[in-house]
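Below you'll find the structure, written out as structure tokens, and then a few comments.
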Amino acid sequence: DKAAATVTAHSATVTYNGQTQGVNGYTVTGLVNGEDESVLDNLVETGGNGRNTGTYAHGFSGSDNNYALTFIDGTLTIGKAKLTVGSSDVTRTYDGTTSAAGTAIVLGGRLFGDDAISGGNFAFTDKNAGTGKTVTVGGVTVDDGNDGGNYDVTYSSNTNSTILQKTVTIGGGFDAQDKLHDGSDRATIGRNALALQGAIAGDALTVDWQAAFADAAKGVNKTVTLRGTALAGGDSANYLLDLAGAPTAVASIVLSPIETHGARYVGAFDSAVARHGTPPSPMRIGSVPGIVIQQCGINLPGALVRNCE
């Protein structure tokens, strides 16, 4: 009678590498008389090869004149390759959203052969302008001929991205008020038809309107700009106010109210002269002693008060 022997196909576990991998060979138990597996020269090997991740059967079949053979299959197991995917640095201008136009990159592990990655979902963790911002990554497609199944993908956020401030400008127009010389260049806005241009609708953004003369010196029809105007509100840090090309106005800086409201006070002065005589010497109205007028009736000689109005 034939001796009983068992043929066990070899098994192996490997990691995906983009190439076809395999396992071969077998072991035998039950051989007699010191024989080894080389006496089984009529066996046929099948399977045991694969490229993509998964489990592949590996087996033998056949017969022998001296042994009654039993066969036990082995397996080839191909495991997933580890891959860490992130995003390239993203830089864009503030738009009120968290969108990010990232590009998927490999941060850890490697892609094998012609395998590639593409697409993905990228987003800032908040909408606000700043540097060193975080962009999250997900949904990247791995093209490996196996629907991405050959890789164990993990994602790593980018923490070196930037949202730049959005530039806003000013349109419309305004009027500035004349003022008494006070040593400063500050101006007061009168009519205000100014408008902020380029802001994102719905943002918490207001404007602190300020204006200034070019200098503090006396002068007529001096240029007034919006110097000192600033943004305010919860979203103001997301914007950069550009005053270049902003509207301007003209106004005067005078030494006394007479220069501003001459007709009103000259009439009062003339009335007083008619009642009380001619001034001792010719003088300009603006230099008459005692007429340093802040408003009607203040610092005005009593003789003029009654005619001030």
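No hydrogens, no waters, no symmetry mates; every other heavy atom, side chains included, goes into these values. Quick note: residue numbers are just sequence positions, from 1.
In terms of heavy-atom proximity, Ala104 sits nearest to Gly119 at CB-O, 3.9 Å. For the pair Tyr26 and Ala9, the tightest heavy-atom approach, listed with the atom from each and the gap, is CB-CA, 4.0 Å. Ala3 and Val32 make their closest contact through CB-CG1, 4.3 Å (heavy atoms, listed as atom of the first residue, atom of the second, distance). The shortest heavy-atom contact between Phe124 and Ser161 is CE2-CB, 3.7 Å. The two atoms that bring Val137 and Ser87 nearest to each other are CG2-CB, 3.6 Å, heavy atoms only. Nearest heavy-atom pair across Ala237 and Ala129 is O-CB, 4.2 Å.
Under a hydrophobic-cluster definition in which Ile, Leu, Val, Met, Phe, Trp and Tyr are linked whenever side-chain heavy atoms come within less than 4.5 Å, directly or via other members, Val224 and Leu241 are assigned to the same cluster. Hydrophobic cluster membership is shared by Val28 and Val39, with clusters built from Ile, Leu, Val, Met, Phe, Trp and Tyr side chains linked at under 4.5 angstrom. Note on Val14: it clusters hydrophobically with Tyr56, by side-chain heavy-atom contacts below 4.5 Å among ILVMFWY residues. Taking hydrophobic clusters as Ile, Leu, Val, Met, Phe, Trp and Tyr residues chained together by side-chain heavy-atom distances below 4.5 Å, Ile253 does not share a cluster with Leu180.
Looking at heavy atoms from C-beta onward, Leu164 lies out of side-chain contact with Arg92 at the 4.5 angstrom threshold. Side-chain contact between Val140 and Val153 is absent, with no heavy-atom pair separated by less than 4.5 Å. Between Ile200 and Tyr239, the closest side-chain pair of non-hydrogen atoms falls below 4.5 Å. Thr27 is not listed as a side-chain neighbour of Glu37, based on a closest heavy-atom distance of 4.5 Å or more. You'll find the side chain of Ile189 reaches within 4.5 Å of the side chain of Leu226, heavy atoms only. At a threshold of 4.5 Å between non-hydrogen side-chain atoms, the residues Ile117 and Thr141 do not count as touching. The side-chain heavy atoms of Thr29 and Leu31, taken from C-beta on, include no pair separated by under 4.5 Å. Side chains of Val250 and Val220 form no contact here, defined as non-hydrogen atoms less than 4.5 Å apart.
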Step by step, work out the side-chain contact (heavy atoms from CB on, under 4.5 Å) result for Val23 and His58.
CA-CA 8 Å; Val23 60; His58 176 224; 3.8 Å; yes
Please assess Ile72 against Val7 for the test side-chain contact (heavy atoms from CB on, under 4.5 Å), listing each intermediate value before the final yes or no.
CA-CA 6 Å; Ile72 299 175; Val7 176; over 6 Å; no
May I have the step-by-step check of side-chain contact (heavy atoms from CB on, under 4.5 Å) for Leu240 and Asp242, ending in yes or no?
CA-CA 6 Å; Leu240 179 65; Asp242 183 4; 5.9 Å; no
Stepwise side-chain hydrogen bond (donor to acceptor under 3.5 Å, both in side chains) test for Tyr16 and Gln21:
CA-CA 8 Å; Tyr16 173 79; Gln21 302 183 80; over 6 Å; no
Working note: Thr229 + Ile170, criterion side-chain contact (heavy atoms from CB on, under 4.5 Å); need CA distance, chi angles, decisive distance, verdict.
CA-CA 10 Å; Thr229 292; Ile170 296 175; 4.2 Å; yes
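If you take OG on Ser88 and CG on Asn160, they are separated by 11.0 Å, rounding to the nearest 0.5 Å. One finds the CG atom of Leu243 at 9.5 Å from the OG1 atom of Thr169 (value rounded to the nearest 0.5 Å). How far OG1 of Thr93 is from CD of Gln165: 10.0 Å, rounded to the nearest 0.5 Å. Annotation: the span from Thr131 atom OG1 to Asp89 atom CG amounts to 11.5 Å, rounded to 0.5 Å. Here Asp73 contributes atom CG and Thr8 contributes atom OG1; the two are 9.5 Å apart, rounded to the nearest 0.5 Å. Atom-to-atom distance recorded for Asp235:CG and Asn128:CG is 6.5 Å, nearest 0.5 angstrom.
Counting only N and O atoms by type, the side chains of Asp115 and Asn150 include no donor and acceptor under 3.5 Å apart. Under 3.5 Å, the side chains of Gln210 and Asp208 contain a donor-acceptor pair of N or O atoms. No side-chain donor-acceptor contact under 3.5 Å links Thr91 and Lys133.
Between the side chain of Arg110 and the backbone N or O of Lys82, no donor-acceptor pair lies under 3.5 Å. Without hydrogens or angle criteria, Ser11 side chain to Gly74 main chain gives no donor-acceptor distance under 3.5 Å. Using modelled atom types, one side-chain atom of Glu45 and one backbone atom of Gly25 make a donor-acceptor pair closer than 3.5 Å. Here the side chain of Asn146 pairs no donor or acceptor atom with the backbone of Gly148 at under 3.5 angstrom. Checking side-chain atoms of Arg186 against main-chain N and O of Ala211 turns up a donor-acceptor pair under 3.5 Å. At distances below 3.5 Å, at least one donor-acceptor pair connects side-chain atoms of Thr53 with backbone N or O atoms of Gly149. Side-chain atoms of His10 come within 3.5 Å of backbone atoms of Asn24 as a donor-acceptor pair (strictly under, hydrogens ignored). Panel note: side chain Asn192, backbone Phe174; no donor-acceptor pair is recorded below 3.5 Å. Using a distance-only test at 3.5 Å, with no hydrogens or angles considered, no donor-acceptor pair links the side chain of Tyr67 to the main chain of Leu40.
Heavy atoms of other residues, nucleotides or ligands lying less than 6.0 angstrom from CG of Asp114 number 12 at most. Counting heavy-atom neighbours within 6.0 Å of Asp36 CG, excluding the residue itself, gives a total above 12.
No close placement of the Phe60 and Phe71 rings is indicated, their centers lying 6.0 Å or farther apart.
Between Asp203 and Lys127 there is a salt bridge, since at least one side-chain N of the basic residue sits less than 4.0 Å from a carboxylate O of the acidic one. Classification of Asp64 and Lys2 as a salt-bridged pair fails, no side-chain N sitting under 4.0 Å from a carboxylate O. By the 4.0 Å N-to-carboxylate-O rule, Asp215 lies close enough to Lys222 to be salt-bridged with it. A salt bridge is defined here as a Lys NZ or Arg NE, NH1 or NH2 lying under 4.0 Å from an Asp or Glu carboxylate O, and Lys80 with Asp152 fails to meet this definition.
Ring geometry, Tyr151 versus Phe112: the interplanar angle falls under 30°, so the pair is classed parallel (tilted spans 30 to 60°).
Checking each of Thr98, Val135, Val90 against Phe122 for a side-chain contact (heavy atoms from CB on, under 4.5 Å) leaves exactly one that passes, namely Val135.
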